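Below is one structure, written out as structure tokens, with a few remarks after it.
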Amino acid sequence: MLSLNMVLLALACLISAQVCVALPLASPTTKTTTTRTTTTTTSKTTTTSKTTTTTTTTTIYTPDPRYPAQFLNLKNNWYIQLPVASAPDSATFGSSFNPGLQTFNSSNFFVNAAKTGVVFNTTNTGVTTAGSTHPRTELRQMTGNGNTYYSWNSSDVGPHQLNITLSKDYLPIGITSIFAQLFAVSVGAQFTYRVTRQTNGVSGLALCTKTGCYTYDDNYKLGTPFSLRISVSQNMVTSTYLNLGKPLKTNAVMGSTSNPYFHTIPTVPYGDYVFKAGSYCTMLKGVQPDGEYCQATFNSITVC
């Protein structure tokens, strides 16, 4: 099923004449070369031959899977906001920009033990960004050398596109966790893609805008991988949701029972949109226990 997701990604980017390639990642490899040298020494009485073996090891660099940014091939496209203080006794949230992001990991942002994805763990610390009361472990789109905030116009032909594959692993009952956003810097989030765990334990996956919510999956099972593509062109947003744990229903009536689910709606025009992806959690310090958390595991993130 993952291969199907990669085909969808490739087709979308080829059609839009964009270059958006998810590169395979591997651990560093080594190449060993063995050279044999024979030295002959001749004297009046004897002739001696000596063979010396020399081994040369060359390290060929590939992204190190120990580091989340290298595992996901984030390069300079992102920086991360964290639910921890930037310094002891500080109320300012922690963050990591490039180039430091390339070798950054923590208990909130790390490669899982199976080496299949990057864990975004958001703990109920009470440390939040300035415009929110909720914690997050979240990537924000960047440009340049990774230290310049990026934004783009929704009226662009583009398209501007975010492609993610992930699973929502855990969130407390009654809590919503946002895993992707279409965010206008001047006015805030316009589209939020989220999982809500209801009081009966059933989790629903939906897109919410300023005018309402649209259910993509009314019985999402935590831990199930899925893919989402958000494509923005000329003030229209097309979302494609594919649950990788369910059979395809390509002939079904479009709606929450379809897989994949395609959905296009207009967005309010702004010139300062940006993508976000991660684990934003609607917990509150003092309401939910300190030990509570939301968690998502991302297998891939690309923008084009």
Side-chain angles (χ1 to χ4, degrees), residues 2 5 9 22 68-69 71-72 74 77-83 108-110 112 116-124 128-129 132 134-141 161-183 188-198 202-209 213-232 237-246 256 259-261 263 273-283 292-303:
L2 286 172
N5 177 56
L9 167 59
F71 184 96
L72 292 172
L74 297 180
N77 294 326
W78 306 94
Y79 97 103
I80 193 164
Q81 301 170 323
L82 300 164
N108 300 108
F109 184 60
F110 59 93
N112 64 7
T116 58
V118 173
V119 175
F120 289 66
N121 180 280
T122 305
T123 45
N124 192 23
T128 69
T129 58
S132 176
H134 305 297
R136 72 184 75 203
T137 303
E138 189 175 53
L139 293 165
R140 187 227 196 260
Q141 196 177 9
Q161 194 172 104
L162 171 68
N163 301 274
I164 54 178
T165 299
L166 69 145
S167 62
K168 285 299 299 182
D169 305 326
Y170 175 80
L171 68 161
I173 288 177
I175 295 298
T176 292
S177 182
I178 295 170
F179 56 85
Q181 295 191 55
L182 180 57
F183 188 89
Q190 299 301 296
F191 284 52
T192 58
Y193 298 81
R194 55 180 66 194
V195 171
T196 300
R197 192 175 179 193
Q198 302 166 20
V202 174
S203 298
L205 191 150
L207 159 66
C208 290
T209 70
C213 294
Y214 304 85
T215 299
Y216 287 5
D217 194 330
D218 55 10
N219 190 19
Y220 171 73
K221 297 187 183 303
L222 295 179
T224 304
F226 62 91
S227 292
L228 176 72
R229 180 193 305 136
I230 308 169
S231 185
V232 185
V237 180
T238 298
S239 305
T240 306
Y241 166 77
L242 176 64
N243 187 313
L244 300 174
K246 291 183 176 181
S256 64
N259 191 42
Y261 175 73
H263 183 219
Y273 273 106
V274 68
F275 288 123
K276 293 186 175 186
S279 173
Y280 175 99
C281 193
T282 61
M283 298 180 299
E292 276 290 16
Y293 65 98
C294 295
Q295 182 171 297
T297 298
F298 280 74
N299 308 104
S300 66
I301 300 176
T302 60
V303 285

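Just so we're clear, the structure is a prediction, and the values are computed from it rather than from any experiment.
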Drop me the distance from Gln295's CD to Leu171's CG, to the nearest 0.5 angstrom.
11.0 Å

When rounded to the nearest 0.5 Å, the distance separating CZ of Phe191 from CD of Gln181 is 12.5 Å

Any donor-acceptor N/O pair, Thr137 side chain to Asn121 backbone, under 3.5 Å
yes

With no hydrogens and no angle check, is any side-chain donor or acceptor of Tyr220 less than 3.5 Å from a backbone partner on Lys168?
yes

Between Asn243 and Asn259, which heavy-atom pair has the shortest distance, and what is it?
N-OD1, 2.8 Å

If I compare all heavy atoms of Ile175 with all of Cys294, which pair ends up nearest, and what's the gap?
CG2-SG, 4.0 Å

Which of parallel (below 30°), tilted (30 to 60°) and perpendicular (above 60°) describes Tyr170 and Tyr293?
tilted

Which value, rounded to the nearest 0.5 Å, describes the distance between Asn124 atom CG and Met283 atom CE?
4.5 Å

Backbone N or O of Val202 within a donor-acceptor pair of the Asn219 side chain at under 3.5 Å?
no

List the steps and the verdict of side-chain contact (heavy atoms from CB on, under 4.5 Å) for Lys246 and Asp217.
CA-CA 11 Å; Lys246 291 183 176 181; Asp217 194 330; 2.9 Å; yes

I'd like to know if the side chain of Asn108 reaches the main chain of Leu82, judged simply by a donor and an acceptor atom lying under 3.5 Å from each other, with no hydrogens or angles considered.
no

Going by side chain to side chain contact (heavy atoms under 4.5 Å, CB included), Ser167 matches just one of Thr224, Leu222, Thr297, Leu244. Which one?
Thr297

How many angstroms lie between CG in Leu205 and OG1 in Thr215, if you round to the nearest 0.5 Å?
9.0 Å

Out of the candidates Phe120, Phe226, Tyr241, only one should pair with Phe179 under the ring-ring contact (aromatic ring centres under 6.0 Å, His included) rule; please name it.
Phe226

List the atom of Trp78, the atom of Gln141, and the distance in Å for their closest heavy-atom pair.
CE3-N, 3.4 Å

Please report the shortest heavy-atom distance between Tyr280 and Ser132, naming the atom on each side.
OH-OG, 2.8 Å

Side-chain donor/acceptor of Asn112 to backbone N/O of Gly117, under 3.5 Å
yes

Only one of Leu139, Ile178, Leu166, Thr122 passes side chain to side chain contact (heavy atoms under 4.5 Å, CB included) with Ser279, and that residue is Thr122

pair Ile80-Phe109: side-chain heavy atoms closer than 4.5 Å:
yes

Measure the OG1-CD1 distance between Thr165 and Ile301 for me, rounded to the nearest 0.5 Å.
9.5 Å

On a heavy-atom basis, which atom in Arg197 and which in Ser203 lie closest, and how many Å separate them?
CG-OG, 3.7 Å

Main-chain N/O of Thr282 paired with Thr176 side-chain donor or acceptor, under 3.5 Å
no

From Phe275 atom CZ to Gln161 atom CD, the distance as rounded to the nearest 0.5 Å
7.5 Å

Does the ring center of Tyr261 lie less than 6.0 Å from the ring center of Tyr214?
no

